[in-house]
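These notes are about the structure you will find just below.
Computed from heavy atoms alone, side chains included, the values below leave out hydrogens, waters and symmetry copies. Letters A, B, ... are given to chains in the order of the sequence lines, protein chains preceding strands, and every chain is numbered from 1. This structure is a prediction, so every number in the text was calculated from the model and none was measured.
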There are 2 protein chains.
Amino acid sequence: MTDNSDFELRARECLARHGARITRARCAVLARLFASARPLSHHELEQQLADVCDRVTLYRVLNWLVDQGIAHKVSAEDRVWRFSVESHADHRHAHFHCHGCGMVFCMDAKARSPSVPQGFDLQDVEMTLRGLCPECVQ
Amino acid sequence: MTDNSDFELRARECLARHGARITRARCAVLARLFASARPLSHHELEQQLADVCDRVTLYRVLNWLVDQGIAHKVSAEDRVWRFSVESHADHRHAHFHCHGCGMVFCMDAKARSPSVPQGFDLQDVEMTLRGLCPECVQ
DNA sequence: CCATACTTGCCACACAGTTGCATTTGCAGT
DNA sequence: ACTGCAAATGCAACTGTGTGGCAAGTATGG
Ligand SMILES: [Mn+2]
Ligand SMILES: [Mn+2]
Ligand SMILES: [Zn+2]
Ligand SMILES: [Zn+2]
């Protein structure tokens, strides 16, 4: 049983482990991220948390979660960040961006580091797949 | 000798081949793209073409070039599009985004299409490398 | 319970890009 | 070369995504 209060609990525990202040906004945002199988945009979270905090606080909480290493963010072509709490260690997988519904999905496929010319210092690889998700293919 | 007027000429020829109207703005923008080894952002182009056209026209010309298949655009984490005229056929190479100077470089490495779960319709793959370019490594 | 540093809400602002509309311009047809 | 007209442009206002400043509120250690 992973109902809503379970995700709230996990959020509280996570915040406590990081020695961080446990606030309404952080709990709610983190619980929503734990509950989601895919990265969520600011806009999606704002819909669901309208009565919890205002949009600026939401931006600040999300950035704080990323700074703490609790969440990570995924860039997409529509200039919107999506946030996810999957373990940072294995976040080198590809992301699929559906241009039908705009959702982003985590894929199993890993992005293998290619070689770069002499002089370049390669630090990170990101692979973005584009197309239609099962829903949008119909 | 590939001086400036040579790029202008190539731009005119390219526009003519596409049966398109040959305008000051299109010639200037396309010539700048031909002259550049790396994808250029709107901002970079605006600096160099301030006296040629205004920024809205620059946006429109760039989008038009992409629609025509003459140019293609590359997304980066800073939410800024860069534009390039390399042949569209082989534009499936990776791009390197330097977080020192913000420039984007075309790499030789190709992004190989990974397999995706049943139901997803994969149409495009983009691989973005991040790190420091030779200039910024020092 | 208190003090205080951290967090939040609200405002205004920044930046990339788009839309509406009147004016100008490239060029096909004469 | 001239003309007519669709296409391109300039300008102003607008949208969407995200940030910064600052006063008010609150979580937590003592
Ligand atoms: Mn992911
Ligand atoms: Mn390229
Ligand atoms: Zn979809
Ligand atoms: Zn650099």
task: Check every atom of D:dG21, D:dC11, D:dA27 against the side chain of A:Arg60 and return the nucleotide holding the closest atom.
output: D:dG21
query: For A:Val80, which contact category applies under a 4.0 Å heavy-atom criterion: base, sugar-phosphate, or nothing?
result: sugar-phosphate
query: Between the main-chain N or O of A:Glu44 and the side-chain N or O of A:Gln47, is there a donor-acceptor pair closer than 3.5 Å?
result: no
- prompt: What does A:Asn63 touch in the nucleic acid at a heavy-atom separation under 4.0 angstrom: a base, only the sugar-phosphate, or nothing?
  reply: sugar-phosphate
- prompt: Taking atom types as they are modelled, is there a donor-acceptor pair under 3.5 Å from the base of C:dG17 to the side chain of B:Arg55?
  reply: yes
- prompt: From D:dT19, C:dT19, C:dT8, pick the nucleotide closest to the side chain of A:Tyr59?
  reply: D:dT19
- prompt: Does the side chain of A:Ser75 pick up a donor-acceptor pair with the side chain of A:Glu126 at under 3.5 Å?
  reply: yes
query: Please give, in whole Å, the distance from C:dT7 C1' to A:Leu58 CG?
result: 14 Å
query: Which of these nucleotides, D:dT9, C:dG17, D:dT17, is closest to any side-chain atom of B:Thr23?
result: D:dT9
- prompt: Got a donor-acceptor pair under 3.5 Å from the side chain of B:Arg21 to the base of C:dC27?
  reply: no
- request: Compute whether any side-chain donor of one residue and acceptor of the other, for A:His72 and A:Glu86, lie under 3.5 angstrom apart.
  value: yes
Residue B:Trp81, side-chain atoms from C-beta onward, closest of C:dC11, D:dG18, C:dG17: C:dG17
